[in-house]
There are 2 protein chains.
Amino acid sequence: MDKIEVILKSALKLFVGFGFHATPTSKIAKEAGVANGTLFHYYNTKEELILALYKHTQGQLSTYVQPKVSKEDSLEMVFRSIYTNTIEWSVENKAESAFIQQFSSSPLHSLISPEDMNSQAAILLDFIHEGIKTANLKHLPADLLQTLITSHISGVTQYLLAGEFSKVKQNKIIKESFELLWDMIT
Amino acid sequence: MDKIEVILKSALKLFVGFGFHATPTSKIAKEAGVANGTLFHYYNTKEELILALYKHTQGQLSTYVQPKVSKEDSLEMVFRSIYTNTIEWSVENKAESAFIQQFSSSPLHSLISPEDMNSQAAILLDFIHEGIKTANLKHLPADLLQTLITSHISGVTQYLLAGEFSKVKQNKIIKESFELLWDMIT
DNA sequence: CATTTTATAGACTGATTAGTCAGTCGATAA
DNA sequence: TTATCGACTGACTAATCAGTCTATAAAATG
């Protein structure tokens with residue numbers, strides 16, 4: 001396994017458990033089974049490591065979701081696909097989604113440049129614009145719709161993570177909650 | 001002004017700006033204009049201070065919202081009132097709501113005892129149960145509804161905080177977004 | 001094969017941190 | 001006048017931290 005992978009994985013685990021700043025780089029190195037200095041060979045500062053981890057994790061989500069979204073489908077299917085797959089990934093990757101959440105509401109979030117900002121969000125926004133233009137969606141500010149959708153997704157994710165649900169039950173909740181959302185925005 | 005008040009206020013400001021762990025107690029003391037030791041006269045550890053600040057801030061929100069909710073009103077009015085006032089407080093108290101958000105998605109959140117947990121949430125959950133029983137609300141798991149409502153609120157709050165809206169525009173958004181939510185859950 | 005570049009190690013350092021402690025100060029009361 | 005109290009102080013310390021440095025080993029290059 002690639003050392004960078006191990007380092008990021010260890011950092012993720014510790015960050016989620018204790019928070020960025022309460023996690024010393026020395027502990028990350030130990031957890032990863034590498035020397036202290038190796039960390040700083042790949043990342044010049046701890047902050048750089050944190051930002052890299054965020055981008056990396058965001059990237060994993062995108063890589064999971066985006067191939068599953070087909071431009072050919074109806075707008076509803078596109079939304080449904082983004083919705084379902086985002087939630088599924090988040091539930092299956094608990095630590096990763098917890099980290100994204102934690103990072104997003106931390107002051108560090110302001111440090112990531114707009115172009116690095118969440119390709120996920122950009123795609124969603126595109127579809128929203130299209131949906132408004134074609135009058136599939138309610139005529140509301142696009143970024144309000146985006147925020148509502150994103151919040152809805154993170155709400156359902158939290159709900160699914162809090163309880164222990166069978167795969168079947170989980171899919172049912174995802175499906176039903178999507179109908180709620182879809183009815184709300186169309 | 002009470003020293004404790006000044007300390008909490010300073011801590012809040014710095015925590016929101018830099019994060020809990022990236023904020024040294026010495027800076028909090030300096031910002032508050034008190035001696036280093038004074039902090040530890042009131043709170044035995046830094047963690048104790050952070051937890052106290054969370055409870056204090058949560059309390060402020062409750063104190064703002066709860067008196068405005070009248071048991072006499074219809075269920076819709078109760079929800080509307082909780083919804084509207086929570087968002088209004090959050091927008092007017094940007095730092096405070098940012099802190100609640102930040103704390104809630106941090107590992108420290110697991111340290112607060114269930115009884116200290118958000119009297120706000122408990123009240124909302126009561127009304128949800130009532131709403132389900134009287135069939136005003138859709139027949140869905142109560143805590144799913146709660147999560148959806150809470151997420152919706154924090155979404156709209158984020159939206160309002162991101163842009164600069166006039167009081168009139170803001171109220172319009174709150175009103176319209178409530179109708180969306182209400183239609184969704186009834 | 002020789003040489004240069006990259007990867008890894010871990011001991012080390014200077015700065016910073018949470019928390020301590022011995023004592024000051026003003027108020028209240030004996 | 002003296003004693004007692006407790007809020008408050010700030011210099012201090014032991015521990016910890018991010019990041020550096022030197023040394024080696026492993027790859028890559030030519």
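Note on naming: letters A, B, ... go to the chains in the order of the sequence lines (proteins, then strands), and numbering restarts at 1 for each one. Computed over heavy atoms, backbone and side chain alike; hydrogens, waters and symmetry mates excluded.
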Pair Arg80(A) + Glu76(A): basic N to acidic O under 4.0 Å: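 Between Glu76(A) and Arg80(A) there is a salt bridge, with a charged N closer than 4.0 Å to a carboxylate O.
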Separation of atom [atom1] in [X] from atom [atom2] in [N], rounded to whole Å:
X	N	atom1	atom2	result
Asp2(A)	dA27(D)	CG	P	14 Å
Phe18(B)	dT16(C)	CZ	P	15 Å
His41(B)	dC21(C)	NE2	P	16 Å
Tyr43(B)	dT20(C)	OH	P	17 Å
Leu14(B)	dT17(C)	CG	P	12 Å
Glu5(A)	dA7(C)	CD	P	15 Å
Lys30(B)	dT9(D)	NZ	P	15 Å

Anything under 3.5 Å between a protein N or O and an N or O of nucleotides 25-28 of chain C, put it in a table, one pair a line.
none

Partners meeting ring pair (Phe, Tyr, Trp, His ring centres under 6.0 Å) with Tyr159(B) (sequence neighbours left out):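 In terms of ring pair (Phe, Tyr, Trp, His ring centres under 6.0 Å), with neighbours along the sequence ignored, Tyr159(B) is linked to Phe165(B).
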Listed partners of Phe103(B) passing ring pair (Phe, Tyr, Trp, His ring centres under 6.0 Å), at least two apart: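 Partners of Phe103(B) under the ring pair (Phe, Tyr, Trp, His ring centres under 6.0 Å) test: Tyr54(B), His109(B).
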Short side-chain N/O contact from Lys3(A) to OP1 or OP2 of dA26(D), under 4.0 Å: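 Looking at the OP1 and OP2 atoms of dA26(D), neither is under 4.0 Å from any side-chain N or O of Lys3(A).
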Gln66(B) and Ser119(B): side chain donor to acceptor below 3.5 Å: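 Looking only at side-chain atoms, Ser119(B) and Gln66(B) do form a donor-acceptor pair, the distance falling under 3.5 Å.
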Side-chain atoms of residues 167-174 of chain B: list all donor-acceptor pairs with protein atoms under 3.5 Å, sequence neighbours left out, distances to 0.1 Å.
{"residue": "Lys167(B)", "atom": "NZ", "partner": "Glu92(B)", "partner atom": "OE2", "Å": "3.2"}
{"residue": "Asn171(B)", "atom": "ND2", "partner": "Lys167(B)", "partner atom": "O", "Å": "3.3"}

Which residues share a side-chain hydrogen bond (donor to acceptor under 3.5 Å, both in side chains) with Gln101(A), sequence neighbours left out: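 Partners of Gln101(A) by the side-chain hydrogen bond (donor to acceptor under 3.5 Å, both in side chains) criterion come out as none, since no residue qualifies.
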Base versus backbone protein contacts along nucleotides 15-22 of chain D [heavy-atom cut-off under 4.0 Å; B, S, -]: --SBBB--
Qualifying residues under side chain to side chain contact (heavy atoms under 4.5 Å, CB included), relative to Thr63(B), sequence neighbours excluded: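 In terms of side chain to side chain contact (heavy atoms under 4.5 Å, CB included), with neighbours along the sequence ignored, Thr63(B) is linked to no residue.
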In residues 29-40 of chain A, what donor-acceptor pairs under 3.5 Å come from side-chain atoms, sequence neighbours left out?
{"residue": "Glu31(A)", "atom": "OE2", "partner": "Lys13(A)", "partner atom": "NZ", "Å": "3.0"}
{"residue": "Thr38(A)", "atom": "OG1", "partner": "Ala35(A)", "partner atom": "O", "Å": "3.4"}

Partner residues of Glu48(B) under the salt bridge (Lys or Arg N to Asp or Glu O under 4.0 Å) criterion, sequence neighbours left out: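 Glu48(B) satisfies salt bridge (Lys or Arg N to Asp or Glu O under 4.0 Å) with no other residue.
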